[in-house]
**Q** 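The following block contains the structure, expressed as structure tokens.
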Amino acid sequence: MFRVGLGFDFHPFAKGRPLVLGGVHIPHPRGLQGHSDADALLHALGDALLGAAGLNDIGSHFPDTDPEYENISSLVLLERIRQLVRGQGFEVVNVDMVVVAESPRIGPHVELIRQNLSQVLGLSRGAIGVKATTMEACGPIGKGEGIAVQAVALLQDVNEPIRPN
Ligand code: MG
């Protein structure tokens, strides 16, 4: 009656782009490169949700060759993913994410990100984890070349409600 899904995404930094994570515009000299708004957090989360529902990956639903998705807000994609997940008979129980970035600091933006996810997924704040870590200056992420995000999502089959006890 429960299904778990895992998501991962990485985008390199690019000049002249806004930095958007979890639907929040974060002040930073560089944004992330990508076809949509390159919101790596929402892409990782979307893949976790789709994976848990047995619905393949985000690229298969929203191909980066489709002009419809050019610079689209990934919050719109997340809303569509929630509908796809519900269409399979699942509700989201909780989600958890780790942003891996040397900069900027994510902490000051976590509450706004949780607020966005709460609205789109219909979850209480307590069911949304957003954490951040650095690579301690090691490797491509540690050298500031981009941002990676890991996400996990738990779904419940609404056709098989949990029995108390
Ligand atoms: Mg992506």
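A quick note: this is a predicted structure, and the numbers were derived from the prediction, not measured. One-based numbering, in listed order, for ligands and for the atoms of each.
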**Q** Could you check whether any side-chain N or O of Ser118 sits under 3.5 Å from a backbone N or O of Leu123, counting only pairs where one atom can act as donor and the other as acceptor?
**A** yes

**Q** Does any N, O or S atom in Asp9 come within less than 2.8 Å of the Mg ion (ligand 1)?
**A** yes

**Q** Can you get from Val120 to Phe62 by hopping between Ile, Leu, Val, Met, Phe, Trp and Tyr side chains that sit under 4.5 Å apart?
**A** yes

**Q** To make sure I understand the geometry: which N, O or S atom in His43 is closest to the Mg ion (ligand 1)?
**A** ND1

**Q** One thing to verify: whether Glu102 and Lys143 come together as a salt bridge, which I'm taking to mean a side-chain N less than 4.0 angstrom from a carboxylate O.
**A** no

**Q** Start with the C-alpha gap between Arg82 and Glu79, add the side-chain angles, then the distance that decides, and say whether salt bridge (Lys or Arg N to Asp or Glu O under 4.0 Å) holds.
**A** CA-CA 5 Å; Arg82 187 197 181 195; Glu79 173 60 38; 5.3 Å; no

**Q** Looking only at N, O or S atoms, which one in His11 sits nearest to the Mg ion (ligand 1)?
**A** NE2

